[in-house]
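The next block holds one structure in the form of structure tokens; read it before the comments.
FYI, side chains are in, hydrogens and waters are out, and symmetry mates aren't considered; it's all heavy atoms of this structure. Indexing begins at 1, ligand by ligand and atom by atom, following the structure's order.
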Amino acid sequence: MAGRRIVVDREVCIGAGTCARLARATFALDEQDIAIVVSQNGDDEATVAAAVRSCPSGAILIVEDE
Ligand code: SF4
């Protein structure tokens with residue numbers, strides 16, 4: 001099934017945390033203060049899109065699956 005997957009590039013993330021504040025059900029900061037994806041379907045698309053736009057380092061990628 002086609003779909004999309006939310007990915008955080010941990011090499012690029014600077015731990016600003018805006019993603020986790022905007023889309024709490026999708027992103028969290030781990031013990032290294034780097035973002036992790038806690039759920040692929042936790043927030044609606046608009047909320048996820050806002051989090052992607054808010055990321056100062058462009059670390060959040062939306063990958064379209066085949
Ligand atoms: S907003 Fe971007 S830089 Fe900040 S924690 Fe989330 S992924 Fe990392």
Side-chain angles (χ1 to χ4, degrees):
M1 194 181 79
R4 62 105 177 90
R5 200 156 39 88
I6 307 163
V7 178
V8 172
D9 186 337
R10 295 177 59 85
E11 301 291 317
V12 174
C13 173
I14 57 172
T18 24
C19 58
R21 278 197 296 276
L22 285 171
R24 294 173 179 278
T26 302
F27 302 100
L29 295 185
D30 69 8
E31 64 281 352
Q32 297 174 295
D33 277 344
I34 300 296
I36 54 172
V37 177
V38 293
S39 170
Q40 291 292 334
N41 302 300
D43 293 291
D44 62 33
E45 292 297 324
T47 302
V48 172
V52 171
R53 282 196 305 273
S54 78
C55 177
S57 62
I60 305 169
L61 308 173
I62 306 292
V63 179
E64 299 293 334
D65 289 330
E66 294 292 307

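Following chains of ILVMFWY side-chain contacts shorter than 4.5 Å, one cannot reach Leu22 starting from Val52, and the two form parts of different hydrophobic clusters.
A donor-acceptor distance shorter than 3.5 angstrom exists from the side chain of Arg4 to the backbone of Gln40, with no hydrogens or angles considered. Judged by distance alone, the side chain of Asp43 and the main-chain N or O of Val48 form no donor-acceptor pair under 3.5 Å.
Arg10 meets the side chain to side chain contact (heavy atoms under 4.5 Å, CB included) test with Asp30, Gln32, Ile34, Ile36; sequence neighbours excluded.
Minimum interatomic distance between Val8 and Ala35 (heavy atoms only, all atoms of both residues): CG1-O, 3.6 Å.
At a threshold of 4.5 Å between non-hydrogen side-chain atoms, the residues Phe27 and Val37 count as touching.
The contact shell of ligand 1, taken as protein residues with any non-hydrogen atom closer than 4.0 angstrom, comprises Cys13, Ile14, Gly15, Ala16, Gly17, Thr18, Cys19, Leu29, Ala35, Cys55, Pro56, Ser57, Ala59, Ile60.
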